[in-house]
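Scroll down for the structure; my scribbles are underneath it.
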Amino acid sequence: MSDLSSAPLAIETRGLTKRFGSHAAVDGVDLSVPRGSVFGFLGPNGSGKTTTIRMLLGLASANAGEISVLGQRMPQRLHDVLPRVGALVEGPAFYPFLSGAANLHRLDTADRTAPGATRRARVGAALDRVGLTHAAHKKVHAYSLGMKQRLGIANALLQPRELLVLDEPTNGLDPQGTREVRSLVRSLADDGATVFVSSHLLAEIEQICSHAGVMSAGSLVAQGTLDELRQVGQTQVRVETPDAQLALGVLASLGLIPGTDGSTVTAVLEREILPESIVAALVVGGIRVRGFTVQGMSLEERFVELTGEGFDIAQ
Ligand SMILES: Nc1ncnc2c1ncn2[C@@H]1O[C@H](COP(=O)(O)OP(=O)(O)OP(=O)(O)O)[C@@H](O)[C@H]1O
């Protein structure tokens with residue numbers, strides 16, 4: 001990558017690194033987030049997602065590496081870039097005894113790039129966008145967590161944004177709040193913004209994202225479209241048979257490394273071996289085949305393989 005600042009990507013990093021003492025919380029990360037994508041930034045707790053996001057937004061400095069956001073170098077072009085970016089990181093601080101609308105007015109007033117003349121209309125539109133018009137004049141302490149989170153997103157939407165960066169927007173929400181925030185994220189992308197959303201929930205990423213990047217212990221271990229991420233995984237063959245021990249022998253004789261739980265024999269399919277030749281060998285070997293399937297890895301299996309950790313797939 002010769003000139004990072006001319007990249008047609010919404011976010012691009014090269015060798016991005018952040019150390020806390022001797023510990024690299026983010027370690028040589030090369031992110032490529034296409035414009036118009038909903039990019040899921042996935043990883044277990046502590047894998048470096050928030051630290052990366054803070055560097056992207058100029059909230060933390062990097063020890064090494066380069067960052068480009070909307071084609072501009074960060075943090076050098078911070079003041080040009082930030083007005084084009086809406087962010088929800090660690091939840092904005094709302095005054096509990098002010099209404100949702102009053103809080104947004106206050107936050108918009110504090111933003112020197114926000115035109116005062118259109119403030120009232122923009123606050124109304126942002127509340128409408130996140131479905132909070134009915135609660136605009138309710139005090140924030142009476143909001144549910146999901147409503148507070150949506151108010152945080154409304155804050156990010158007070159001005160038209162090309163990029164939205166949302167750090168774990170459904171964290172701590174009940175299933176209803178989670179559904180509300182998810183469908184909001186999906187609809188934000190429909191408006192044409194690039195959405196960069198972090199999560200430790202695989203199901204969430206599968207439901208709302210077009211692309212994903214996977215963090216593990218500070219490193220970006222994979223990124224691409226969801227389909228690309230599925231395809232790089234291994235393909236497995238699965239034979240259901242009462243002759244499991246014999247089938248193990250047949251598969252092994254073909255050069256595969258099979259395993260069995262008693263009635264099912266599985267093996268990772270090597271590229272040079274065709275499924276039909278496995279079926280033929282089983283038949284020739286007199287194996288009674290009750291079922292034969294060839295399946296790619298699910299995203300879940302792929303991510304567990306990549307990170308070496310189980311993911312929360314709930315919700
Ligand atoms: N200010 C800090 N000082 C020291 N260590 C830190 C600091 N901030 C983060 N870390 C460490 O850096 C690592 C990555 O943390 P980070 O918050 O970026 O992970 P994460 O993937 O966002 O996880 P989570 O979802 O739990 O926030 C962790 O080991 C964390 O303890």
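Both ligands and their constituent atoms are indexed starting at 1 by order of listing. Worth knowing before you read on, the calculation uses all heavy atoms, side chains too, and leaves out hydrogens, waters and symmetry mates. Counting from 1, the numbers follow the sequence of the chain as shown.
Side chain to side chain, Q176 and R179 meet the donor-acceptor criterion of an N or O pair below 3.5 Å. Checking T170 against E204 by side-chain atom types alone, a donor-acceptor pair falls below 3.5 Å. Looking only at atom types and distance, the side chain of E168 has no donor-acceptor partner in the side chain of S198 under 3.5 Å away.
Scanning the protein heavy atoms around atom 18 (O) of ligand 1, the nearest turns out to be T51 OG1, 2.6 Å. Taking atom 9 (C) of ligand 1 as the reference point, the nearest protein heavy-atom neighbour is F20 CE1, 3.5 Å. Among protein heavy atoms, the minimum distance from atom 29 (O) of ligand 1 is reached at H23 NE2, 3.5 Å. Among protein heavy atoms, the minimum distance from atom 25 (O) of ligand 1 is reached at N45 OD1, 3.2 Å.
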*Could you check L157 against L188 for side chain to side chain contact (heavy atoms under 4.5 Å, CB included), going step by step and ending with a plain yes or no?*
CA-CA 10 Å; L157 297 174; L188 293 174; 3.7 Å; yes
*Let me see the working for L151 and L127 under side chain to side chain contact (heavy atoms under 4.5 Å, CB included), right down to the final yes or no.*
CA-CA 7 Å; L151 188 62; L127 287 167; 3.7 Å; yes
_Before you tell me yes or no, could you show the steps for T17 and N63 under side-chain hydrogen bond (donor to acceptor under 3.5 Å, both in side chains), namely the whole-Å CA-CA distance, both residues' side-chain angles and the distance that decides it to 0.1 Å?_
CA-CA 6 Å; T17 299; N63 292 105; over 6 Å; no
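Residue-ligand proximity, K49 to ligand 1, at heavy-atom distances under 4.0 Å covers atoms 18 (O), 19 (O), 20 (P), 21 (O), 22 (O), 23 (O), 25 (O). If you number the atoms of ligand 1 from 1 as listed, the ones under 4.0 Å from a heavy atom of E168 come out as 25 (O). Shown in contact with P44 at under 4.0 Å from a heavy atom are these atoms of ligand 1, numbered in order with element: 21 (O). When each atom of ligand 1 is checked for a heavy atom of S47 under 4.0 Å away, the hits are 19 (O), 20 (P), 21 (O).
For a threshold of 3.5 Å applied to N or O pairs, the pair formed by G46 and ligand 1 contains at least one separation below that value. Checking only distances, T52 never comes within under 3.5 Å of ligand 1, N or O to N or O. The N/O atoms of G48, backbone and side chain alike, include one that comes under 3.5 Å of an N/O atom in ligand 1.
Contacts between M215 and ligand 1 below 4.0 angstrom, taking non-hydrogen atoms only, are absent altogether. Within the 4.0 Å heavy-atom criterion, neither part of S198 lies near ligand 1. With a 4.0 Å cut-off on non-hydrogen atoms, H200 does not touch ligand 1 at all.
Both V283 and L269 are members of a single hydrophobic cluster when ILVMFWY side chains are connected at heavy-atom separations under 4.5 Å. Residues V268 and L274 are members of separate hydrophobic clusters, defined by side-chain heavy-atom contacts under 4.5 angstrom among Ile, Leu, Val, Met, Phe, Trp and Tyr.
Of the candidates D167, I53, L42, T50, it is T50 that places a heavy atom closest to atom 17 (O) of ligand 1.
Heavy atoms from other residues, nucleotides or ligands lying under 6.0 Å from CZ of R106 number more than 12. Residue R120 places its CZ atom among 12 or fewer non-hydrogen atoms of other residues, nucleotides or ligands, all under 6.0 Å distant.
Distance check for atom 23 (O) of ligand 1: a protein heavy atom is found below 4.0 Å. The presence of a protein heavy atom under 4.0 Å from atom 13 (C) of ligand 1 is confirmed.
Here the closest non-hydrogen pair linking R84 and D80 is CD-O, 3.5 Å.
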